[in-house]
Amino acid sequence: MVWFHSWAGLLSGWILYVICVTGSFAYVQDEVTRWMRPELPLPSATRPAGDLLTLAEDHLAKNGADAAFWAILFPGQRGADDLAVGWTPRPGMPLAGAFQRVILDQQTGAPVERHSRATGGGQTITAMHYALHYMSRDAGTLVVGAAAMLMFVVLLAGIAAHKKIFREFFTFRPGRGQQSWLDGHTTLAVTVTPFLLLMTWSGLIFSTFVYMPAAQATFFSDVEGLARFQEEAFQYVPPRPENRFARAAPVTSLHAVLSRAEQRWGEGSVSRLRVENPGRADAVVMVYALQAGISGETRLLFSGVTGEALPDPNSRTGPGTFYAGMLGLHKGYFARGYLRALFVLCGLASAGLIATGLVRWSIKRQGPASQRHMGHTVVAALNSGTIIGLPIGLAAYFWANRIVPPAMEGRETWEANALFIAWGVAFVYAAGRHSVRAWAEMCVVAGAAWGLLPVLNALTTERHLGVTVPAGDWVLAGFDLSALAAGIFFVALAWKLARKPAEAV
Amino acid sequence: MTDARYRLSVVSRVIAAFGGGYALTSLLVIAGTILFSQMGVGGPEAALATSLVSFPVYAAVILAVFQARSTFRAWIGLVIAALPPALICALVQMGGAG
């Protein structure tokens with residue numbers, strides 16, 4: 001088991017490290033995107049949902065009279081400080097079938113234009129988490145799935161290899177080279193193994209039938225069978241009214257519906273409202289809560305004509321509930337505030353677990369320089385090139401967001417290219433330097449790249465700490481402060497590594 | 001064991017674990033779906049359930065192969081473990097029920 005844990009861990013470690021780091025970013029995807037669009041205004045004081053509903057309803061009644069559905073998005077969702085309405089005109093109407101979305105001024109209800117630079121935002125990093133980059137989504141999903149499956153086995157083998165893991169947890173011997181790396185690896189392992197086991201299994205479940213198609217391919221291979229499978233296994237019935245050309249009927253009072261939802265969940269706790277078939281006899285109103293449940297959004301259904309409460313048609317089978325629950329736990333949409341921060345920390349600690357494991361593999365097999373095998377040199381370069389190179393690349397991504405001209409064509413592609421160019425340079429440096437000193441030097445670069453990000457932000461935008469902290473915008477300020485903390489972390493790491501004797505890294 | 005034989009044995013074990021293990025798990029998923037369906041669970045529901053648990057099952061099979069005393073025993077173990085689910089699939093095939 002020790003043998004398997006070491007070798008399978010080594011082979012999958014680099015890619016798993018990338019998946020863990022980018023996955024940690026995915027938990028703050030909306031906040032990262034917000035930071036990358038500095039032209040957007042700071043959030044203004046919001047008004048009660050009822051007042052905003054009046055403005056939204058006015059706009060929809062005037063512009064979306066014959067629509068397939070209405071959507072009203074209240075401010076307060078993550079990364080969205082605006083009041084917005086959306087609708088899709090019915091066939092026969094102008095712009096039929098094309099989704100319309102308008103942001104409304106929260107005081108006057110007048111349409112507002114929001115301009116900001118084109119950016120890949122947090123989504124580019126999130127996509128790296130499940131499908132990598134510079135390859136098709138299908139290919140990326142397969143590579144990520146194989147790595148995740150290996151991680152699942154490596155974790156279990158690691159637990160088997162360290163039967164005394166809980167006693168070892170309380171053993172930390174700092175400053176003793178290899179022993180300290182093992183202790184660090186063990187400490188992190190005991191802390192995050194439950195989190196990682198959950199994330200690995202639920203991550204695989206995202207693409208269950210891509211990775212394990214046996215049952216589906218055997219019993220439901222044709223199109224009809226597949227449709228029956230989807231419907232019966234998940235029993236997910238979208239509450240679409242049956243007849244889309246029902247007779248006309250006035251829309252029920254949305255204010256009454258809203259206040260019933262707020263009675264249930266508390267004031268200011270509604271995130272959005274959706275009316276299917278507005279103005280028809282079979283209209284349905286769906287109200288969604290700001291606080292999502294573990295297995296999806298929490299919602300209430302009402303008749304769109306009488307306003308009476310309707311039962312939710314969305315009842316899942318046992319396995320369907322498990323499926324949705326696992327995906328919900330993985331994505332963590334339900335986690336707000338400190339709980340979300342805990343998800344990020346667990347993700348970063350998982351990356352640390354993998355990093356210490358990779359470094360330990362290297363140190364354990366590191367003989368005198370004359371006897372060193374070519375493979376050990378390659379592993380050492382891949383280690384520093386990945387473990388420190390990726391954070392340098394990510395910092396470059398954010399630098400590019402501020403430096404690439406906002407009006408430039410295809411600028412979001414260059415943001416992503418900057419990530420991989422910086423990372424590639426780090427690899428070349430790690431491979432060419434042939435010295436453990438490369439670690440400390442790269443840490444200094446990573447520390448500077450992250451630590452100076454708030455400074456760059458202050459030089460290039462009006463959304464720096466001097467503005468965001470007094471305004472109480474903790475999404476923007478939180479990004480800058482986290483970047484500063486990352487900078488300090490890497491500088492401290494560089495300082496610690498530089499004081500070590502050369503063979504101890 | 002010579003160096004070449006050792007390497008061959010490692011390659012064989014890796015194939016047994018990941019390739020053989022995947023085949024065994026797929027077989028177990030299909031047989032499990034049949035069994036649950038026979039017990040009255042809806043087919044789609046049974047297929048989803050067995051597919052969801054296939055991942056820890058696959059992981060356990062891989063670990064068992066690496067835990068085996070010899071690569072030969074690992075292969076034998078895989079074949080023996082595949083017999084019951086294969087029998088179930090064969091019975092259903094003969095019975096004509098799907």
Side-chain angles (χ1 to χ4, degrees), chain A residues 1-5 7-8 11 145-146 148-161 197 200-221 225-235 316-327, chain B residues 6-7 9-11 13-14 16-19 21-38 40-69 71 74 82 85-86 88-89 92-93 97-98:
Chain A
M1 284 302 109
V2 178
W3 178 90
F4 179 81
H5 181 77
W7 285 93
L11 290 175
M149 193 62 224
L150 261 179
M151 165 124 99
F152 207 176
V153 188
V154 169
L155 276 171
L156 296 174
I159 297 169
L197 280 173
T200 324
W201 188 8
S202 55
L204 288 163
I205 283 178
F206 268 83
S207 305
T208 303
F209 299 104
V210 173
Y211 301 145
M212 186 52 72
Q216 196 191 49
T218 309
F219 303 108
F220 310 99
S221 51
L226 200 63
R228 191 178 77 119
F229 175 72
Q230 300 281 3
E231 196 176 310
E232 283 185 38
F234 302 101
Q235 282 197 357
R316 291 190 175 96
T317 58
T321 307
F322 182 79
Y323 174 88
M326 286 296 261
L327 297 195
Chain B
Y6 174 73
R7 282 179 190 199
S9 137
V10 170
V11 170
R13 199 180 280 245
V14 168
F18 293 98
Y22 188 80
L24 173 61
T25 310
S26 297
L27 203 56
L28 285 169
V29 165
I30 295 169
T33 305
I34 293 171
L35 272 186
F36 279 129
S37 307
Q38 298 287 330
V41 181
E45 200 180 327
L48 177 61
T50 52
S51 300
L52 291 176
V53 286
S54 71
F55 301 113
V57 170
Y58 185 28
V61 172
I62 293 170
L63 275 185
V65 168
F66 280 104
Q67 191 76 287
R69 240 174 292 162
T71 308
I88 293 173
C89 293
V92 169
Q93 201 95 88

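Residue numbers begin at 1 in each chain, while the letters A, B, ... track the order of the sequences. Hydrogens, waters and symmetry mates are skipped; everything else that's a heavy atom, side chains included, is used.
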| What's the shortest heavy-atom distance between A/Y323 and B/L48, and which atoms? | CD1-CD1, 4.4 Å
| query | What is the minimum heavy-atom distance between B/Y22 and A/P213, and which atoms define it? | reply | OH-CD, 3.3 Å
Below 4.5 Å, heavy-atom pairs only: which of [options] has the largest tally toward chain B?
options: A/A160, A/G320, A/A215; value: A/A215
options: A/F4, A/F322, A/F209; value: A/F4
options: A/T218, A/L204, A/L197, A/I205; value: A/L204

| Inter-residue atom distance A/F219.CZ - B/I30.CD1, 0.5 Å rounding | 6.0 Å
| note | Cut-off 4.5 Å, heavy atoms of chain B, and the answer for A/L150 is side chain
| said: Under 4.5 Å from any heavy atom of chain B, what part of A/M149 do you find: side chain, backbone, both or neither? | reply: side chain
| message | Let's test your reading of the structure: which of B/A47, B/G43, B/S51 forms the most heavy-atom pairs below 4.5 Å with chain A? | response | B/S51
| What residue, out of B/V29, B/V14, B/L27, B/L52, has the most heavy-atom pairs lying under 4.5 Å from chain A? | B/L52
Show me the donor-acceptor pairs within less than 3.5 Å that the side chains of residues 56-63 of chain B make with the rest of the protein, sequence neighbours left out.
residue	atom	partner	partner atom	Å
B/Y58	OH	B/F18	O	2.8

| Can you list every side chain to side chain donor-acceptor pair (under 3.5 Å) pair that touches residues 201-212 of chain A, not counting sequence neighbours? | A/S202-A/H330
